[in-house]
Amino acid sequence: MDYFEYHDDVLACEGVGLEAIAESVGTPVYVYSQATLRRHVNVLDAAFGKTPHRLCYAVKANSNLTLLRRFVEWGTGFEVVSGGELFRVLEAGASPYSVILSGVGKTRDEIRHALDAGVLFLSVESQPELELISEIAVATGCSARVVFRINPDVDPRTHPYISTGLKRNKFGISLSDASSVIHAGTSLPGVTIVGIGCHIGSQITELDPFEEAIAGIVDLARDLVRQGIALEYLDVGGGLGISYDAEEPPSLEAYARTVRSVSEDLGLTLILEPGRVIAGNAGILLCRVIRKKTHGDKRFVIVDAGMNDLIRPALYDSFHRLMPVRPREGKEIVDVVGPICESADFIAQDREVNCLESGDLVAVMSAGAYGFSLASNYNSRPRPAEVLVDGDSFSVVRRRETYEDLIRLER
Ligand code: LLP
């Protein structure tokens with residue numbers, strides 16, 4: 001459910017027409033709906049009801065500082081995967097104790113930074129990492145709370161680039177090694193074991209993979225508790241998919257029911273790390289048609305947003321709905337492409353769209369997650385502005401980069 005709808009035949013975000021935003025901020029521009037973000041947080045939180053849980057929003061999905069500030073106001077915690085993300089959430093006013101640090105390649109500096117800040121826990125992905133955490137914790141005179149990320153070898157049936165819970169993926173500790181690594185943790189100084197978890201992938205549109213993976217770590221948790229290892233948290237990761245095209249992902253309620261049914265009798269506090277399901281449908285990339293061209297019977301609509309602004313179609317062959325801001329009569333089959341010098345620079349291929357003409361505005365839907373956060377300056381293109389709509393008003397929450405910004409660090 002989102003708040004992008006036509007009002008009098010003009011596409012709007014909540015109470016603000018997208019033409020007004022394009023007029024005032026220019027294009028391309030990311031536009032986020034605060035009401036949609038809020039709704040997703042509330043519905044997910046309510047779906048877990050009285051089951052003890054903490055929602056730790058996955059910052060990588062969209063790390064805009066103003067959005068992070070809103071999440072802080074709404075009581076959300078954060079999952080971060082780098083020193084930079086940790087810096088951002090602390091800057092946004094997050095309590096360190098609401099933050100968890102994950103990542104398969106945490107550096108010494110990042111671990112030290114997280115321990116100094118006093119994060120809720122660090123997720124551990126290997127024995128060498130565990131030993132390093134112990135060493136740093138001892139040197140800094142603190143005890144590191146750790147959760148072991150298990151790789152349950154479950155197929156999330158998603159794009160291979162965003163599958164993370166198979167044995168061939170680099171993430172986590174295999175179920176067969178888990179016991180020995182965790183037992184090593186019990187005897188290391190400076191380490192307090194507080195839980196186990198898993199994250200098997202992203203854009204998962206079925207419940208079975210979650211059920212299978214979580215059941216696997218629940219069994220392990222039971223064994224550990226039996227052996228006298230006290231646990232506090234069961235981290236079930238993120239990964240729930242959204243509808244970009246014809247997918248019919250489970251509702252937040254159905255997801256919560258499944259997670260609760262496999263884990264509830266353990267009595268641990270659930271950690272949820274949703275990213276896409278919170279931010280994905282809360283944002284669009286608004287762009288303008290530069291011109292059209294044809295090659296024989298092939299028609300191209302060239303827009304002012306490129307793969308540097310939204311890389312998902314090029315990287316994952318992903319589908320994003322296109323909605324004309326002021327729809328015209330008639331349809332045509334076109335490739336919607338950007339201005340970048342790569343043939344992977346497309347937003348849609350062989351897509352039937354409402355006729356578009358030079359100067360028209362088009363909304364690339366479901367771009368709120370892994371949109372701006374994956375943007376680059378390729379082709380020396382300044383990154384787009386970001387706008388947050390709240391009811392009838394909007395504000396620029398990141399200004400458009402300038403040419404000067406492009407070279408600032410090279411002078
Ligand atoms: N927790 C961990 C440890 C993760 O690695 C991720 C995402 C999440 C939580 C959040 O997953 P979500 O709920 O958003 O599925 N760039 C790709 C997605 C990469 C996801 C990486 N990890 C895309 O555009 O589809």
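Whatever order the structure lists ligands and atoms in, that order sets their numbers, starting from 1.
- Side chain of Ser376 to main chain of Tyr378: a donor-acceptor pair is present (N/O by atom type, distance under 3.5 Å, no hydrogens or angles).
- Not one N or O on the side chain of Glu273 forms a donor-acceptor pair closer than 3.5 Å with the backbone of Val236.
- The pair Glu125-Arg149 meets the salt-bridge criterion, with a side-chain N (NZ, NE, NH1 or NH2) lying under 4.0 Å from an Asp/Glu carboxylate O.
- Polar contact with ligand 1: absent for Gly201 (N/O pair, distance under 3.5 Å).
- Using a 4.0 Å cut-off to heavy atoms of Arg276, the atoms of ligand 1 that qualify are 12 (P), 13 (O), 14 (O), 18 (C), 23 (C), 25 (O).
- Using a 4.0 Å cut-off between charged side-chain N and carboxylate O, Lys292 and Glu332 make a salt bridge.
- Using a non-hydrogen distance threshold of 4.0 Å, Ile162 registers as a contact of ligand 1.
- Atoms of ligand 1 found under 4.0 Å from any heavy atom of Gly239 (numbered from 1 in listed order, with element): 11 (O), 12 (P), 13 (O), 15 (O).
- The ligand atoms of ligand 1 that sit less than 4.0 angstrom from a heavy atom of Arg312 are 23 (C), 24 (O), 25 (O).
- Between Phe48 and His53, the ring planes lie tilted relative to each other; the angle falls in the 30° to 60° range.
- Nearest protein neighbour of atom 20 (C) of ligand 1, counting heavy atoms only, is Tyr370 OH, 3.6 Å.
- Between His159 and ligand 1 there is no heavy-atom distance shorter than 4.0 Å.
- By the 4.0 Å heavy-atom criterion, Pro274 is counted among the residues contacting ligand 1.
- Within the listing of ligand 1, atoms 8 (C), 9 (C), 10 (C) sit less than 4.0 angstrom from a heavy atom of Ala58.
- Numbered from 1 in the order shown, with element, the atoms of ligand 1 that lie under 4.0 Å from a heavy atom of Gly238 read 9 (C), 13 (O).
- If you check each of Tyr161, Tyr316, Tyr244 against atom 17 (C) of ligand 1, the one with the closest non-hydrogen atom is Tyr316.
- Where the criterion is an N or O separation shorter than 3.5 Å, residue side chain and backbone included, Glu273 meets it with respect to ligand 1.
- In terms of the ring pair (Phe, Tyr, Trp, His ring centres under 6.0 Å) criterion, Tyr370 has no residue partners (sequence neighbours excluded).
- Counting the atoms of ligand 1 from 1 in the order shown, those under 4.0 Å from a heavy atom of Gly275 are 12 (P), 13 (O), 14 (O).
- In this pair, Phe372 and Tyr30 present their aromatic rings perpendicular. The plane angle is above 60°, beyond the 30 to 60° band.
- Every N/O-N/O distance between Arg149 and ligand 1 stays at or above 3.5 Å.
- Cation-pi check for Arg276 over Tyr244 is not met; the charged atom does not lie both under 6.0 angstrom from the ring centroid and within 45 degrees of its normal.
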Test Glu253 against Val43 for side chain to side chain contact (heavy atoms under 4.5 Å, CB included), laying out the working first.
-> CA-CA 8 Å; Glu253 289 82 1; Val43 173; 3.5 Å; yes

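- Proximity of Leu374 to ligand 1 is established by a heavy-atom distance of less than 4.0 Å.
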